[in-house]
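Worth knowing before you read on, the calculation uses all heavy atoms, side chains too, and leaves out hydrogens, waters and symmetry mates. Whatever order the structure lists ligands and atoms in, that order sets their numbers, starting from 1.
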Amino acid sequence: MRKLEELLRDNILRLSPYSCARNEYSGHSATVLLDANENPYNNPYNRYPDPLQQELKNVMAKLKGVSPEQICFGNGSDEIIDLLFRCFCRPGVDNVVAIEPTYGMYRVCADINDVEYRPVRLDDNFQLDADRLLNACDANTKLIWICSPNNPTGNLIDSGMIEKVVSAFDGIVVIDEAYTDFSRSVPFRLKLAKFPNIVVLNTMSKAWGCAGIRLGMAFAQKEIIDIFNKVKYPYNINVLTQRYAMDALKDSFRVEKWINTIVEERGRMVAAFRALPVCRKIYPTDANFFLAKMDDAQAIYDYLVRKGIIVRNRTNVCMCENCLRVTIGTKSENNELLAALRQY
Ligand code: PMP
C-alpha cells in the first residue's frame, strides 16, 4: 500500500477540522453547559449529539469484532461512499475502478465529485477477474470498489479474487458488505489486521431492519478512520438515531430470527420463480433479494405496478437485460407477488 499521505488529497491531509465545543474540556465532568449556544429547555433533544458516537461505537465494536477506533458511522453508508471520494480523489485528476454491474451510488458520487469512474465488467457468472480489474488501474487510481454480496446481482464475489486485488493494489479497496449478514462468508472486516488498505462498509439498513434511521458504517485501520472523522460533518449522526441504534443492538437475537426467516423465504421464492413460465433464469444469491431474468421485464414490471406490487426493474443496467430484482418480503407479500405472476 502507498503511504496514506500519498493517497490522500493534499487539502485533506492539511485540514484542521472544526472543533466542537464539547471536545475542548475532555477529562472534566460538566454540569453547566453554556458553551454551544443550545437552548437550555427541551432536554435531551436540546443538546448536540456526541460527534464521535463513543457509546454506540463501543457496543458496535463488540458486536462486529473490531475495535471502536476502527469504526466511522455515516448517515447511511451512502455518506461514507461520498466521504471516500472527498478524502482520496482529486477532482478532474484521480480515478476509481469498480466492478460492473454494481450499486449505482459509487458512480453517482464519482460524478458529483468530478472523479473518473472506470467500470470493469464481471464475467457471465457475475464473478470478478482480479487481473482485469487491476489492469484498469493506473498511477491515479485511488479507490477500487467491490460489492459482495453484489447489488443488483445478489451473488458473493469470490473472496480469493478480492484478496488478490487487495494484495496487488497499492491504493484503497472498498469492500461494500451491506448484505453480508444474509450470507455465510467470513466478513472482510475481520481481516483488517491482514489488509490495512481495505475499507469495509456495513449498514443498519438491511438485516437490522433500520433503513429509516440512516446508520451506515465503515471499518478501517485507525489512521483512515481518523481522517474520516476530520472530514465528516461534526454531528452527522443525530440523537434519535444514536438512541434507537443502542436499543436495536441490544436485541441481536431478533435480527438472527429475521435473517433466518428471510433466507428461508428466499429459498422458497427462488424455487417458485424457477417454476414460472415467464422466468428464464434466477442468478445465485447471498442477499435479501434475487435477480431474475424474465421474458419481458418491462411488461411484467408494468403489470405488477398496476397490481400495486413494486419490484426493481434492472433491464437497463449493464448485463441485466430483462432482469427484475426482487426483495424478499414477508411470507404474505411474497405470496401476493407469486399469485400475481401466476396470473400473468
Ligand atoms: N451499499 C449497497 C450495496 C446498497 O445496496 C445500499 C442500499 N441499497 C447501500 C450501500 C446504502 O445503504 P444505506 O442505507 O446504509 O445508505
Side-chain angles (χ1 to χ4, degrees), residues 53 56-57 60 63-64 71-86 96 98-110 112 117 119 122 126 128 143-157 159 162 172-183 185 187-189 198-220 228 232-233 236-238 240-242 244-245 248-249 255 258-259 262 266 283 285-291 310-314 317-320 323-329:
Q53 310 98 18
L56 190 56
K57 277 183 189 164
M60 189 67 85
L63 204 97
K64 299 280 186 175
I71 304 176
C72 176
F73 289 122
N75 190 323
S77 33
D78 284 342
E79 181 188 356
I80 313 272
I81 293 169
D82 188 54
L83 201 54
L84 277 151
F85 281 99
R86 291 199 289 140
V96 304
I99 60 170
E100 171 96 343
T102 194
Y103 180 45
M105 276 301 279
Y106 314 143
R107 185 194 285 270
V108 171
C109 287
I112 290 169
Y117 185 83
L122 297 169
F126 293 134
L128 161 70
L143 308 172
I144 291 180
W145 292 86
I146 297 173
C147 183
S148 178
N150 193 20
N151 178 6
T153 60
N155 62 306
L156 272 171
I157 304 295
S159 62
I162 298 179
I172 303 289
V173 181
V174 187
I175 307 169
D176 187 343
E177 295 194 319
Y179 299 97
T180 190
D181 296 318
F182 301 104
S183 86
S185 62
F188 267 88
R189 64 172 185 272
I198 60 173
V199 173
V200 180
L201 304 183
N202 272 201
T203 178
M204 294 282 285
S205 299
K206 310 297 173 185
W208 285 83
C210 290
I213 71 169
R214 309 306 300 131
L215 190 68
M217 66 212 81
F219 304 112
F228 290 165
K232 73 173 186 65
Y233 291 157
N236 62 330
I237 310 297
N238 69 67
L240 295 167
T241 293
Q242 292 194 43
Y244 186 83
L249 291 183
V255 175
W258 287 337
I259 293 170
I262 289 168
R266 183 179 75 194
Y283 293 92
T285 177
D286 266 277
N288 66 335
F289 61 85
F290 60 91
L291 192 70
I310 315 298
V311 296
R312 193 90 151 110
N313 184 2
R314 298 283 75 186
V317 171
C318 161
M319 301 175 77
C320 299
C323 285
L324 299 177
R325 193 193 70 190
V326 181
T327 306
I328 306 300

Checking a contact table here: which protein heavy atom is nearest [atom], and how many Å away?
| atom | answer |
| --- | --- |
| atom 1 (N) of ligand 1 | Asp176 OD2, 2.6 Å |
| atom 6 (C) of ligand 1 | Tyr103 CZ, 3.4 Å |
| atom 12 (O) of ligand 1 | Ser77 OG, 3.2 Å |

Using only heavy-atom distances, determine whether the side chains of [X] and [Y] contain a donor-acceptor pair under 3.5 Å.
| X | Y | value |
| --- | --- | --- |
| Asn238 | Arg214 | no |
| Asn75 | Tyr233 | no |
| Lys64 | Asn202 | yes |

According to the interplanar angle, ranging from 0 to 90°, do the rings of Tyr103 and Tyr106 count as parallel (below 30°), tilted (30 to 60°) or perpendicular (above 60°)?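 Tyr103 and Tyr106: perpendicular rings.
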Salt bridge (Lys or Arg N to Asp or Glu O under 4.0 Å) with Arg266: which residues, sequence neighbours excluded?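 Residues passing salt bridge (Lys or Arg N to Asp or Glu O under 4.0 Å) with Arg266: none at all.
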Do any heavy atoms of Ala211 fall under 4.0 Å from ligand 1?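 No, that is not the case, since the closest heavy atom of the residue is not under 4.0 Å from the ligand.
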Does an N or O anywhere in Asn75 fall below 3.5 Å from an N or O of ligand 1?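 No; the residue has no nitrogen or oxygen that sits under 3.5 Å from a nitrogen or oxygen of the ligand.
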Would Lys206 count as being in polar contact with ligand 1, using the rule that some N or O on each side must be under 3.5 angstrom apart?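 Yes, Lys206 has an N/O under 3.5 Å of an N/O on ligand 1.
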Atoms of ligand 1, numbered as shown, that sit under 4.0 Å from any heavy atom of [X]:
| X | answer |
| --- | --- |
| Gly76 | 13 (P), 15 (O), 16 (O) |
| Ser205 | 13 (P), 14 (O), 15 (O) |
| Thr203 | 13 (P), 14 (O), 15 (O) |
| Cys147 | 3 (C) |

Which one holds for Arg214 and ligand 1: side chain close, backbone close, both close, or neither close, with close meaning a heavy atom under 4.0 Å?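 Within the 4.0 Å criterion, Arg214 contacts ligand 1 through side-chain atoms alone.
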Of the backbone atoms (N, CA, C, O) and the side-chain heavy atoms from C-beta on, which set of Asp78 has a member under 4.0 Å from an atom of ligand 1: side chain, backbone, both, or neither?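 It is both backbone and side chain that touch ligand 1.
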With heavy-atom distances below 4.5 Å as the criterion, would you say the side chains of Asp181 and Trp208 are in contact?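 In short, these two side chains touch, coming nearer than 4.5 Å.
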Under 4.5 Å between any side-chain heavy atoms of Thr153 and Tyr283, yes or no?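 Thr153 does not reach Tyr283 side chain to side chain.
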Reference residue Pro152; test side chain to side chain contact (heavy atoms under 4.5 Å, CB included); the match among Arg312, Met319, Arg314: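 Among Arg312, Met319, Arg314, the one that satisfies the side chain to side chain contact (heavy atoms under 4.5 Å, CB included) with Pro152 is Arg314.
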